[in-house]
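Down below is the structure, laid out as structure tokens.
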Amino acid sequence: MTSVVQPPLTDDKPYDRADWQRGYLSQPQEFDYWVEEIDGTIPAELNGTLFRNGPGLMDINGMTIHHPFDGDGMINRFTFQNGRVHYRNRYVQTEGYMAEQAAGKILYRGVFGTQKPGGWWNNFLDFNLKNIANTNIIYWGEKLLALWEGAKPHQLDPVTLSTFGIDDLSGDLGEKDNFAAHPRFEAGAEPRLINFSIDPGLSSELSVFEFDQTGKLLTRYGHRMPGFAFIHDFVVTPQYAIFFQNPVDFNPFPFLVGFRGAGECIKFQPQQATKIILIPRNGDREQIKIFESQAGFVFHHANAFETEGKVVIDSICYESFPEIEPGSDFRNVDFDGIAPGNLWRFELDLASETVSRSQLDTRCCEFPTLNQANAGRAYRYLYAAAAHEATGNAPHQAYVKLNLETGDRKLCSFAPRGYVSEPIFVPHPNAESEDHGWVLGVVYRSDRHASDLVILSAQTWEVVATVKLKEHIPYSLHGSWVPETFLHESVTA
């Protein structure tokens, strides 16, 4: 059964490329105001803060960033209090951001192909990459942390969003440790934050950290894997930390001599298998299990759980790594010529050491999320950003809710002029079921070149309120919800 909200479309596609491209325009301004234009009613029980992070600048004083993943991190904060919404955004004041803003030009190479002006010679043997703090934002141990997986996090003031500086987590991150942008959270009587650091090379060193809710490091363990490892995300179950080692190789020469960014030197290897690595979280951590599956590429996982001698992992899988070519323009991506990311389920049989996989949905989708109370455990409902149409590759213009037990799905589409970012599930404070709560998402509205924050009932999949900003937020990456509110006394409702 499929429920679809479908507006009238234009031409033969549900989107216009020029509309979609405008969502990547820079947002150089910073704002701080109560949102006055709201359609619908903010639920009275919805009180807390939605943090979002993503690249806000696609150029430095008119000098174009080659890829949005190289853009400086801009934090967006939506505070819900007594039926009202306060919005604030601010750039992470990284060392690189401050230096480039003062200079008015690009001073750093970017991982995904941005080069300093002056040609290859001016980029030759320059390994001083900018910590752009642009991928995720979390609040843990009474610290607000902006994450970028290539380096340590930046700590921010949750009230003013000003930047305190790079944080080594009370010395728990060593000199060579980075802190990945996809931490996992374990709910329960003793909540945990679990994250990893990876040092890639001819062999790659993986370290896993587990922190209690005060930010104290409880344990650290790791694994050295042969070959180069490009790992963006992972999942955990009560027994395992689980990593997919995508089948890619890295040729550093074009990066070293200044011809390419490091991300442009990664090549997919379809003849190799995807390795699925299970690292025990307790007991004998030497008993690591490694499974092999058909070649594919995974950026994001939805969840994992254990059942009847199996480990089940739900992930967004691509046929191959979407390689970035020098001189290309990401805004002109050939959607029809590239296979989409789809939701797949991997079942690992621990006794037979075999892997089976099945496609759960044909719709192009990304940024999967769920009720965090079910993270690492069996669950029923999954939410994701998705294409409007049921097949094919296209920009994300809808939010989809999947019932993984029945196969039912519901779609809330904002086509043809709306483009969505990652959804975030917020549980009702008195939740009586897994989907009792709301899903929050930022939608870029190309018709007014501004963004909305939409609130969907997770149960009915209807929009209950639309918070209309005065300006646009460039497509963000990841975010999180916390039940606390962080408002300066001067703006308190």
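Predicted, not measured: the structure shown is a model, and the values here were computed from it.
Tyr240 places none of its side-chain heavy atoms less than 4.5 Å from the side chain of Val235. Under the 4.5 Å side-chain criterion, counting only non-hydrogen atoms from C-beta, Ser207 is in contact with Arg220. Taking 4.5 Å as the limit, every side-chain heavy atom of Tyr91 sits out of range of all side-chain heavy atoms of Gln101.
The six-membered or imidazole ring of Phe486 lies near that of Tyr139, with a centre-to-centre distance under 6.0 Å. Taking the six-membered ring wherever Trp is involved, the centroid distance between the rings of Tyr318 and Trp344 does not fall below 6.0 Å. Taking the six-membered ring where the residue is Trp, the centroids of Phe234 and Phe196 are separated by under 6.0 Å. Residues Phe268 and Phe321 place their aromatic rings such that the two centres sit no closer than 6.0 Å. In this structure, His66 has its ring center at least 6.0 angstrom away from the ring center of Phe112. Centroid-to-centroid, the aromatic rings of Trp461 and Tyr399 stay 6.0 Å apart or farther. Between His300 and His478, the distance from one ring center to the other falls under 6.0 angstrom. Taking the six-membered ring for Trp, Phe346 and Phe244 have ring centres closer than 6.0 Å.
A salt bridge does not link Glu347 with Arg357: every distance from a Lys NZ or Arg NE/NH1/NH2 to an Asp or Glu carboxylate oxygen is 4.0 Å or more. Here Arg192 does not pair with Asp212 in a salt bridge; the nearest charged N to carboxylate O distance is not below 4.0 Å. A salt bridge links Glu422 to Arg52: one of the charged nitrogens lies within less than 4.0 Å of a carboxylate oxygen.
Both the sub-6.0 Å distance and the 45° axial angle are satisfied by Lys401 relative to the ring of Tyr381.
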